[in-house]
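Read the numbers this way: they start at 1 and go in the same order the structure lists the ligands and their atoms. Here, residue 1 is the first one in the sequence, and each next residue gets the next number.
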Amino acid sequence: MRPMLRDSPYPMLPIEDAQRIIGEHTRLIDSEEIDCCAMLPTAPDGRVLAEDVYATETIPDVPKAAVDGYALQVADNTNERRVLAEIAAGMEQSPVVEPGTAVRIMTGAPIPQGADAVIMVEDTEERAGLLHVQRMVQQGQNIHVVGQDVAHGALVLACGTSLGAAEVGLLATIGRTRIAVARRPRVAVLSTGDEVREPDLPREVGGIRDSNRYALLAAVREAGGEAISLGIARDDEQAQRQAILRGLEQADVLLTSGGVSMGTRDLIKPLLSELGTVHFGRVLFKPGKPTTFATVQDTLVFGLPGYPVSSLVSFEVFVRPALRRMQGAIYPDRPRVQVTLCDTIKAAPDRPEYQRVIVRWEEGQLVAQSTGAQGSSRLLSLRAANALLLVPSGGQVYQAGDRLEALLVGSLVPS
Ligand code: AMP
Ligand code: MG
């Protein structure tokens with residue numbers, strides 16, 4: 001136990017200063033090679049590309065039919081062409097198309113020599129081996145020209161791109177199955193507190209279930225990290241030191257929850273300053289004032305508050321951007337947008353606040369609806385929230401129709 005202090009020795013930092021300090025200590029993580037066509041658990045989904053990827057081929061490599069129909073010569077001045085053969089995608093051999101002839105051709109098949117257009121089957125008739133054209137095409141029509149989809153040497157994916165469905169498809173298209181991606185940062189998560197219990201164990205009167213660790217582990221995975229659970233440490237200096245050391249051994253980033261406030265059982269800040277350097281111990285914002293940031297050698301350590309909403313909002317504001325930056329993501333930060341309020345909102349007098357809201361597109365603008373009571377312990381205020389409303393300090397009352405900025409942390413919901 002520690003004596004109960006009345007004044008924190010840590011100055012209260014503005015949010016931007018705290019973010020800048022974290023940024024100054026955030027290094028790009030090493031890369032590794034993966035197979036972009038692998039299935040789980042090594043699937044490329046959500047990984048951040050660690051190299052520029054260029055096309056080493058032209059796609060398509062030969063002119064190809066864009067529709068099912070007939071390849072012919074547009075200007076051969078006849079309306080009765082002899083059908084010489086049929087070619088399908090994947091076939092290479094075809095007779096040469098001379099004036100007065102045509103080749104039945106399927107989508108994706110190479111255009112035969114001599115042909116200068118493909119007519120859609122819907123615009124033709126074929127009787128007794130002769131093709132009759134009902135509506136003539138222009139020269140070049142319905143032909144995919146060489147390089148139309150991907151030019152040789154073109155930058156296909158830039159370093160820092162997150163790999164989603166389209167990107168994985170592109171890599172497969174150009175035959176780049178092995179690619180360099182950022183290693184997933186290993187992020188260890190520790191809960192602290194004598195009252196904190198595993199969610200599936202019986203709970204004593206007054207005890208609480210460990211929601212923070214499981215929520216943070218999920219948030220880490222969502223941010224592209226490899227999540228490591230360190231369990232729960234009692235409010236005992238030795239127990240917490242041991243758990244922190246265990247985390248430091250295996251992780252690039254360590255997150256703790258609880259134990260950073262002013263109580264006699266709040267041991268995290270002194271432990272971190274004993275083991276490394278505490279860069280800040282308080283931030284001027286709500287919820288999450290006691291958020292603490294330290295480094296122990298190369299490991300980033302975030303002492304997140306115990307209240308469930310505070311720990312997740314702090315993760316969003318401070319930890320997630322650092323994890324995305326470590327992976328070299330082109331856009332490590334969430335987008336900021338202007339929203340119109342649906343409800344009356346009261347600002348905190350002393351600190352800027354991140355209120356949880358649901359943002360949707362309605363009648364030509366983004367509107368924000370509050371998730372209800374904004375208490376730090378009320379996880380329900382985060383349920384379905386897709387944005388954090390940035391409410392400046394000063395105690396003002398904002399009315400429905402007023403506009404504020406918000407950080408979009410999830411997808412917009414339909415109106
Ligand atoms: P502390 O900062 O440790 O005093 O924690 C502040 C509040 O957050 C206390 O009411 C705790 O019970 C609660 N809390 C701490 N850790 C957790 C956790 N892992 N899951 C849910 N609530 C927690
Ligand atoms: Mg505690």
Which donor-acceptor pairs under 3.5 Å do the side chains of residues 150-163 make with protein atoms, sequence neighbours left out?
{"residue": "His152", "atom": "NE2", "partner": "Thr56", "partner atom": "O", "Å": "3.3"}
{"residue": "Thr161", "atom": "OG1", "partner": "Ala158", "partner atom": "O", "Å": "2.5"}
{"residue": "Ser162", "atom": "OG", "partner": "Arg324", "partner atom": "NH2", "Å": "2.9"}

Would you mind writing out the side-chain donor-acceptor pairs for residues 408-415 within the sub-3.5 Å range, not counting sequence neighbours?
{"residue": "Ser415", "atom": "OG", "partner": "Trp361", "partner atom": "O", "Å": "3.2"}

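Pairs of residues two or more places apart, or lying in two chains, that qualify as salt bridge (Lys or Arg N to Asp or Glu O under 4.0 Å) and include a residue from residues 331-340 are Glu316-Arg334, Arg325-Asp333, Arg336-Glu405.
A salt bridge (charged side-chain N to carboxylate O under 4.0 Å, His left out) with Glu32 is found for exactly one of Arg47, Arg184, Arg183, Arg178, namely Arg47.
Protein residues with any heavy atom under 4.0 Å from ligand 1: Ser191, Thr192, Glu195, Val196, Ile208, Arg209, Asp210, Ser211, Asn212, Ser257, Gly258, Gly259, Ser261, Asp266, Gly306, Tyr307, Pro308.
Residues Tyr354 and Phe285 place their aromatic rings such that the two centres sit under 6.0 Å apart.
Counting all heavy atoms, side chain and backbone alike, Thr26 lies closest to Ala322 at CG2-O, 3.6 Å.
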